[in-house]
Amino acid sequence: MTTASATQQTLAVVAGVGPGIGAAVARAFAARGHAVALLARNVDSVAPLAASIAAATRSAARPFACDITSDASIHAAFDAIAVAFPEHRLQVAVFNASNFTRAPFLDTTRAQWDESLNIAGGAFTFSQLVLSRILAAAPAGQPLPYTPGTPSPTLIFTGATAALRGAAEFSTFAAQKFAIRALSQSLAREFGPRGVHVVHAVMEGLVAGEKVDRFLGPATVEHSRIEPESVARAYVYAAEQDRSAWTQEMDLRPFAERF
């Protein structure tokens with residue numbers, strides 16, 4: 001495992017930062033010593049989070065505006081990150097963006113379908129930019145240099161149960177999550193041999209937070225919803241695994257969740 005002092009010049013990029021998993025993941029990697037770049041559609045919404053991370057840790061934290069459904073916006077965000085962190089090596093990237101919709105299939109519009117799959121398109125562009133920057137440290141077509149005892153660069157995707165099975169009235173969401181899961185598998189097989197760890201994390205249950213509470217009310221059973229901080233700890237664990245025993249897919253569920 002790495003320590004903060006060993007990772008002062010490394011960078012974690014988190015796309016899809018909100019008050020739940022995204023914020024928790026950003027805090028967790030900053031606590032491990034990584035500078036963090038927080039990508040969100042509304043940069044003002046994550047500016048207070050960046051400030052609180054910087055105040056609570058010795059890690060730099062910067063918010064960046066990014067519409068994950070726009071290639072131009074993603075490219076602009078990565079250009080801005082390169083300017084803000086010119087001396088940092090990209091070590092961890094987390095794609096946490098999502099677009100959740102539920103509707104009877106015959107009431108679903110093509111626009112809703114396209115909007116959902118545009119998230120998967122964002123995962124594609126995000127991954128290309130992440131991997132090209134990570135692999136810039138390697139000779140063309142060759143594996144990354146490896147230092148024993150140090151973690152490998154890691155790309156993590158936040159998934160959902162819908163990535164495994166499409167439920168009734170979840171056609172658009174399932175298509176989005178199936179696509180991202182398939183992308184993660186393909187990237188893991190292509191770039192794992194070159195030294196990049198690719199992980200897909202399945203959220204098998206409701207993620208605790210104000211949004212879920214507003215719709216469903218507070219949880220009636222303690223620990224029956226996935227805590228964002230617990231997800232963040234799992235992501236840090238995955239990112240710091242020795243390359244002799246990598247996880248490609250993990251499923252995270254509360255103890256009471258049926259499966």
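In what follows, residues are counted from 1 in the order of the sequence shown.
- Annotation: cation-pi pair R253/F259 present, NZ/CZ under 6.0 Å from the ring centroid and within 45° of its normal.
- Two rings, from F78 and F126, have their centers less than 6.0 Å apart.
- Smallest separation of non-hydrogen atoms from T101 and F173: O-CB, 3.9 Å.
- Heavy atoms only, all atoms of each residue included: G166 and A174 are closest at CA-CB, 3.8 Å.
- Side-chain atoms of H34 and T10 include a donor-acceptor pair closer than 3.5 Å.
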Next item on the list: May I have the step-by-step check of side-chain contact (heavy atoms from CB on, under 4.5 Å) for T154 and V196, ending in yes or no?
Entry: CA-CA 6 Å; T154 302; V196 183; over 6 Å; no

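- Side-chain rings of H200 and F157 stay apart, their centers remaining 6.0 Å or farther from each other.
- Taking 4.5 Å as the limit, some side-chain heavy atom of S127 sits within range of a side-chain heavy atom of L155.
- In this structure, the side chains of E169 and F105 stay at 4.5 Å or more apart for every pair of heavy atoms.
- A donor-acceptor contact closer than 3.5 angstrom links the side chains of N96 and T158.
- Between the side chains of N99 and S116, no donor N or O sits under 3.5 Å from an acceptor N or O.
- Among pairs with a residue in residues 179-196, those fulfilling side chain to side chain donor-acceptor pair (under 3.5 Å) read R181-E249, at least two apart in sequence or across chains.
- Comment: E204 does not engage R225 in a salt bridge, judged by the lack of any side-chain N to carboxylate O separation of less than 4.0 angstrom.
- Using a distance-only test at 3.5 Å, with no hydrogens or angles considered, a donor-acceptor pair links the side chain of T150 to the main chain of T147.
- Counting all heavy atoms, side chain and backbone alike, A47 lies closest to P63 at CA-CG, 4.0 Å.
- Side chains of V36 and S59 form no contact here, defined as non-hydrogen atoms less than 4.5 Å apart.
- In this structure, S52 contributes its side chain and L49 its backbone to a donor-acceptor pair below 3.5 Å.
- I226 and M250 end up in the same hydrophobic cluster when Ile, Leu, Val, Met, Phe, Trp and Tyr side chains are linked at under 4.5 Å.
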Check: Where do R62 and F85 land on the side-chain contact (heavy atoms from CB on, under 4.5 Å) test, with the steps shown first?
Finding: CA-CA 9 Å; R62 292 279 301 274; F85 298 105; 3.7 Å; yes

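- Within the 3.5 Å criterion, the main-chain N or O of R110 finds no donor-acceptor partner in the side chain of E115.
- When only modelled atom types and interatomic distance are considered, Q241 and T247 share a side-chain donor-acceptor pair under 3.5 Å.
- To the nearest 0.5 angstrom, I68 atom CD1 is 11.0 Å from N118 atom CG.
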